[in-house]
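Heads up: numbering here begins at 1 and tracks the sequence. Computed from a predicted structure; not experimentally measured.
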Amino acid sequence: SGWVLLNPIASQFPGGYNPDFGANISDMAVLVGLRGETGGGISWDVRARVAESEADYVLGETINPSLGRLSPTTFSPGKLTQEETALTADFVKSLDVGNFVSPLNLAFGLEYRKETYKIAAGDDASIATGPTFAQFGVGSDGFQGFPTDSAGSFDSDSIAGYIDLEADVTDNFSAGAAIRVEDYDKFGNTFDGKLAGRLQVTDTFALRATVNTGFRAPTPGQVNTLNVTTSSDSLGNLSPFGTYPVAHPIALALGSQPLDPEESTSFTIGAIFEVSERTSVTIDIYNITIEDRLTILENEIGPDEVDLLTDAGIPNAALLAGSTANFFVNGFESNIFGIDLAVNSVFELGPGSLAMDFRANINDQEVKNVTPSTLNAATVYDFENQVPNERVNLTFDYQSDSPLSGIVRLNYYGGWGDSGGQLAAGDNSEAVSYGSNLLVDLEAAYQFNDIFRLAVGGENVFDELPDDD
């Protein structure tokens, strides 16, 4: 019957099946270092770090439909491992230079980094091409195992050096400058820098500003990721969803290009007000631009795409019709504008003092220059709205010579929005806005002696919850 054809193990899953997908995850990190000072007054710090994160995938309650009744119902689709090794050496020396009113602080260093991304192939049943592959495709349903041709170890090495200079040039002006040069074996060289300055205009008022550039190379995982899963759209239709390395034949046939690093430029300008001996105010305005951000480009495989794949020599290209074949691209740009305000004050209160710390942040993110078929309207909405644009913290901290002390903290989060996630309509028609919220944290403490202190408190003590959907 048609039902038996659609579900070859109808006797085990008479009502269909819902794949159970998960992973056994293990993490490890080791850091060792030495620090000291030479006879010439150079402070040094040398560190070595090795870390590894491993995800060993497991899949159950499903089948490889192409194997029919011979299919197992549990699979080992493969394993992903990220390894990182870093060797760092930092040095600091104070130098008397020219007419500077303070010694010149010279910092310099070197760093070697190696990232390794490993893909272990899935077991035979998770990638097998059975006799009914023409009707059902290949591999375990829900998450296809990593094929043997995608398995391997992929490395990325880099060597970097930096110099950082800082000094009080005059009694009222201090400045700093830094440069960092890095050489990547896969992405060439990068040169980044930073300039900073602080001008003491009066005894109670100062200005400060910084400008710097940044760089982020694609990881070996982003360059070499290959996985195929089965997902559903907003109407419940099932379709294969594949992500391929940019150098994979399928990706190349669909127009993939080598990835470029992400680059950033940021500016900040701020002011410091000493209102009184007990009260200070700082305000900073910042703007950050990130170009060539990495994201997934989605390709729905229709007749034209099948022809491209066939012409490129992809075996059984017709079986990909109706699926999605994706790969990473440099697909959009982000611009973040924000304001930070901080007010600190101390008041005498009874036998002790009450410290008030007020901090407010307004932050606005704009996504622009989006490459077609990458971020849809819903994803752009999430980038710009999932994090509240306003955040305020007000903390009162009471300390005294008596054993009693306490903290009251008010946390305000502005409104935010959500498009509904992967299963929602991509046109953002299902987006939901959520209101602001105020959370209260409390703590009371009693100091018994120099050794013992008892503190009792709680976060969000009034149990405020987000708005219902």
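- Put simply, OH on Tyr244 and CZ on Phe328 are 14.5 Å apart, with the number rounded to the nearest 0.5 Å.
- The closest donor-acceptor contact from the side chain of Lys186 to the backbone of Asp155 lies under 3.5 Å.
- Listed for the Asn326 side chain is a donor-acceptor partner under 3.5 Å among the backbone atoms of Asn299.
- To the nearest 0.5 Å, atoms CZ (Phe187) and CG (Asp260) are separated by 8.5 Å.
- For Thr282 and Asp284, the side-chain atoms include no donor-acceptor pair closer than 3.5 Å.
- With rounding to the nearest 0.5 Å, the separation of OG in Ser43 from CG in Asp90 is 11.0 Å.
- Side-chain atoms of Asn376 and Thr379 form a donor-acceptor pair, as typed in the model, at a separation below 3.5 Å.
- One side chain, Asn212 or Ser266, offers a donor N or O that lies under 3.5 Å from an acceptor on the other.
- Asn105 contributes atom CG, which lies 7.5 Å from atom CG of Asp164 (distance to the nearest 0.5 angstrom).
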Decide ring-ring contact (aromatic ring centres under 6.0 Å, His included) for Phe215 and Tyr184; before the verdict, give the C-alpha distance in whole Å, the side-chain angles of both, and the deciding distance to 0.1 Å. CA-CA 11 Å; Phe215 177 94; Tyr184 286 83; 5.2 Å; yes
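- Counting only N and O atoms by type, the side chains of Asp340 and Asn361 include a donor and acceptor under 3.5 Å apart.
- Relative ring orientation between Phe108 and Phe91 is described as parallel, the plane-to-plane angle staying below 30° on a 0-90° scale split at 30° and 60°.
- Side chains of Gln82 and Glu115: a donor-acceptor N/O pair is present below 3.5 angstrom, by distance only.
- For the residue pair Glu298 / Ser373, no side-chain donor-acceptor distance below 3.5 Å is found, with atom types taken as modelled.
- Shown here for Asn224 and Pro245, the closest heavy-atom pair between the two residues is O-CG, 3.4 Å.
- Under the 30°/60° scheme for interplanar angles, the aromatic rings of Tyr117 and Phe154 are found to be tilted.
- Annotation for Arg453 and Ala445: closest pair NH2-CB, 3.2 Å, computed over non-hydrogen atoms.
- Note: Glu263 CD to Glu333 CD = 11.5 Å, rounded to the nearest 0.5 Å.
- Remark: Asp45 CG to Glu37 CD distance equals 12.5 Å, nearest 0.5 Å.
- Ring orientation note: the planes of Tyr57 and Phe143 are tilted relative to one another, at an angle of 30° to 60°.
- No donor-acceptor pair under 3.5 Å is formed between the side chain of Thr371 and the backbone N or O of Thr374.
- For the residue pair Thr225 and Thr243, no side-chain donor N or O sits within less than 3.5 Å of a side-chain acceptor on the partner.
- When all heavy atoms are compared, the tightest approach of Lys93 to Gly41 is CD-O, 3.7 Å.
- Put simply, the side chain of Asn385 never gets that close to the backbone of Gly417: no donor and acceptor are under 3.5 Å apart.
- Residues Ile314 and Pro249 form a side-chain contact, since some pair of their non-hydrogen atoms from C-beta on lies under 4.5 Å apart.
- Side chains of Asn411 and Asn393: a donor on one and an acceptor on the other come within 3.5 Å.
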